[in-house]
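Every heavy atom of this structure was used, including side-chain atoms; hydrogens, water molecules and symmetry mates were not. Both counts, for ligands and for their atoms, begin at 1 and track the order of listing.
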Amino acid sequence: MATSFTKKTLKLETVEPAASPAPHSSNSSFAKKPKLAASKSKKREIPEGLWTKCPKCSTMVFDKELDENLKVCTHCQHHFPISSRERIHSLVETCTFEEMDAQMTSVDVLQFTGVASYTSKLEKYQQETGLKDAVITGLCKVGEHRIALGVMDFKFLGGSMGSVVGEKLTRLIERATEKCLPLIIISASGGARMYEGMFSLMQMAKTCGALSYYAQARLPYISVLTDPTTAGVMASYATVGDLIIAEPGAMIGFAGPRVIKDTTQAELPPGFQTAEFLLDHGLIDAIIPRKEMKQRLIEYLNFLTAGQKTASAAS
Ligand SMILES: [Zn+2]
């Protein structure tokens, strides 16, 4: 009896070695380990800046081709991450973007120090991305529509929402309310920025407060969720859009799947926390491929502002 039980345990462990950290690393049966290490070193041999391996279909895609296709895999339509500036370029009419609060930067109010200080992290990301913080906001034209647009950038500290992201978006929402403009916010975020503690969490209430004044003015707000949109951002402005749309395959949720699994002690359904799953369950209204995004946004704006135009024409 005892021997068959041990065999069973061993078999289970070999079936899913990568899913969770191995609890008994002293066990001998890890035939897969050297293979993993080998594939990692192989990856490094590929010259950077010419080809990118698609994480979904493993095809090597020529970088130029990928850029021309708005960072979407030409073989399997996997949507790669895209920077906020590239996103704006793909949506907005040329030379119409007027950026707001471009110089706003975070202050290390808590004097937060982990492995590195918050100030040094900010400097590092500002240099790497050329951004001051994780969101770009401004007024622009999309098609014939003048709109207020906010675009988050996951490359800046995981698109985390600190006081600057919250303040810039709030000012954008307030400007849109004042000028009666439609609002589009494109989110990509790991959640609130822990380096700013409570100041980050307060942005959830602040942005939603501004959005409720915006809603009272009966103006349309479209929230676009991209991979990934989670936690504090998902629990605030990202989910209160009049229309909530997403890119294909985007990971969308509040807490991570492992945390939920451990808390609920239940198996999660397949496709959990993907845009497709949330469309089926009614949280989001549509999934739109990146290449069709601009046209579809214009159609939605036409529809959502039709009433306003009739009203202003009548008066
Ligand atoms: Zn692919």
- Message: I need the full list of side-chain hydrogen bond (donor to acceptor under 3.5 Å, both in side chains) pairs touching residues 72-94, with sequence neighbours left out, sorted by first then second residue.
- Response: E65-T74, K71-E86, S83-E86, S84-D153, R87-E247, E93-K294
- Cut-off under 2.8 Å, centre the Zn ion (ligand 1), protein N/O/S atoms: C54 SG, C57 SG, C73 SG, C76 SG
- Message: If hydrophobic clusters are built by linking Ile, Leu, Val, Met, Phe, Trp and Tyr wherever their side-chain heavy atoms come under 4.5 Å apart, do Y300 and I184 end up in the same one?
- Response: yes
- Message: Would Y118 and F112 count as a ring-ring contact (aromatic ring centres under 6.0 Å, His included) here? Give the steps.
- Response: CA-CA 6 Å; Y118 180 38; F112 192 100; 7.3 Å; no
- Nearest heavy-atom contact between S200 and M161 is OG-O, 3.2 Å
- Message: Side-chain heavy atoms nearer than 4.5 Å, only ILVMFWY residues, links allowed to pass through others: does that put F154 and V165 together?
- Response: no
- Query: With no hydrogens and no angle check, do the side chains of E196 and S106 hold a donor and an acceptor under 3.5 Å apart?
  - Reply: yes
